[in-house]
Amino acid sequence: MTHEEIEKDRSEGTSGPWRVGPVDDTVVIAPDGSEVAAIDGDYNEPDLWPVMEANARRIARLPELEQAYLDLTAENAALKERVAELAELVGYLVGKKPDWRDA
């Protein structure tokens, strides 16, 4: 999935942050209280409840994880640009072609 696709889905989808419902630990709700997702499973199997609840918590974290990913990719791009600028400067200072990968 591309940066642009994530941004598009974030703008068109339900805004976050999401949280697990206060009553049902398998429902994910939006800030306005609307249901974003519900984990389906066999409620007659108590051994599955922790798995279902963990899945709901994972889904609820998605908006924050997407934002963290977008922030990190933007920071990574800025750092790459800065490294290229510094490599060019070093090349200028030492009087040769700047190729920092050969160092």
Side-chain angles (χ1 to χ4, degrees):
M1 184 159 263
T2 67
H3 182 92
E4 291 77 20
E5 290 170 324
I6 293 172
E7 287 285 5
K8 183 176 186 284
D9 287 346
R10 286 175 58 83
S11 67
E12 293 177 359
T14 305
S15 65
W18 298 345
R19 61 187 170 87
V20 174
V23 177
D24 186 344
D25 291 343
T26 61
V27 174
V28 178
I29 57 174
D32 66 1
S34 62
E35 186 177 299
V36 175
I39 305 302
D40 192 20
D42 188 350
Y43 287 92
N44 295 318
E45 285 290 331
D47 290 343
L48 292 179
W49 295 352
V51 174
M52 294 163 59
E53 292 166 0
N55 287 338
R57 290 190 301 271
R58 292 177 69 198
I59 291 168
R61 285 192 292 267
L62 184 61
E64 286 86 1
L65 290 172
E66 286 176 326
Q67 188 59 57
Y69 170 80
L70 294 171
D71 292 346
L72 288 171
T73 56
E75 183 177 348
N76 187 43
L79 288 171
K80 284 181 177 181
E81 185 176 312
R82 185 66 179 138
V83 165
E85 292 169 356
L86 291 172
E88 186 176 333
L89 176 61
V90 167
Y92 171 76
L93 292 174
V94 298
K96 62 181 183 178
K97 182 180 175 190
D99 193 353
W100 54 273
R101 288 175 293 264
D102 291 337

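Heads up: numbering here begins at 1 and tracks the sequence. We use all heavy atoms of the structure for the numbers below, so side chains are in, but hydrogens, waters and symmetry mates are not.
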- Approximate separation, where rounding is to 0.5 Å, of I6 CD1 and T73 OG1: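 The distance works out to 7.5 Å.
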- Query: Linking I/L/V/M/F/W/Y whenever any side-chain heavy atoms sit under 4.5 Å apart, do L72 and L79 land together?
  - Reply: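 Different clusters.
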- With hydrophobic residues grouped by side-chain heavy-atom distances under 4.5 Å, do I29 and M52 end up in a single group?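 Not linked; separate clusters.
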Tell me which pairs pass salt bridge (charged side-chain N to carboxylate O under 4.0 Å, His left out) where either residue lies in [range], with sequence neighbours left out.
range: residues 59-69; result: R10-E66
range: residues 70-87; result: R82-E85
range: residues 12-40; result: K8-E12

Which other residues end up in the same hydrophobic cluster as [X], if Ile, Leu, Val, Met, Phe, Trp and Tyr are linked when side-chain heavy atoms come under 4.5 Å apart?
X: V23; answer: none
X: L65; answer: none
X: V51; answer: none

- Message: Checking S11 now: which residues fulfil side chain to side chain donor-acceptor pair (under 3.5 Å) with it, not counting sequence neighbours?
- Response: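 Here no residue qualifies.
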- Query: Does a side-chain heavy-atom distance below 4.5 Å link I39 with I59?
  - Reply: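 Counting from C-beta outward, I39 and I59 do come under 4.5 Å.
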- What pairs meet the side-chain hydrogen bond (donor to acceptor under 3.5 Å, both in side chains) rule with one or both residues in residues 43-57, with sequence neighbours excluded?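 Those involving residues 43-57 are T26-Y43.
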Heavy atoms only: give me the nearest [X]-[Y] pair and the separation to one decimal.
X: A30; Y: W18; result: CA-CD1, 4.1 Å
X: V27; Y: A56; result: N-CB, 4.5 Å
X: P31; Y: G16; result: CG-O, 3.5 Å

- Message: Test of understanding: with side chain to side chain contact (heavy atoms under 4.5 Å, CB included), list the residues that count as partners of E4, not counting sequence neighbours.
- Response: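 Checked E4 against side chain to side chain contact (heavy atoms under 4.5 Å, CB included); matches are T2.
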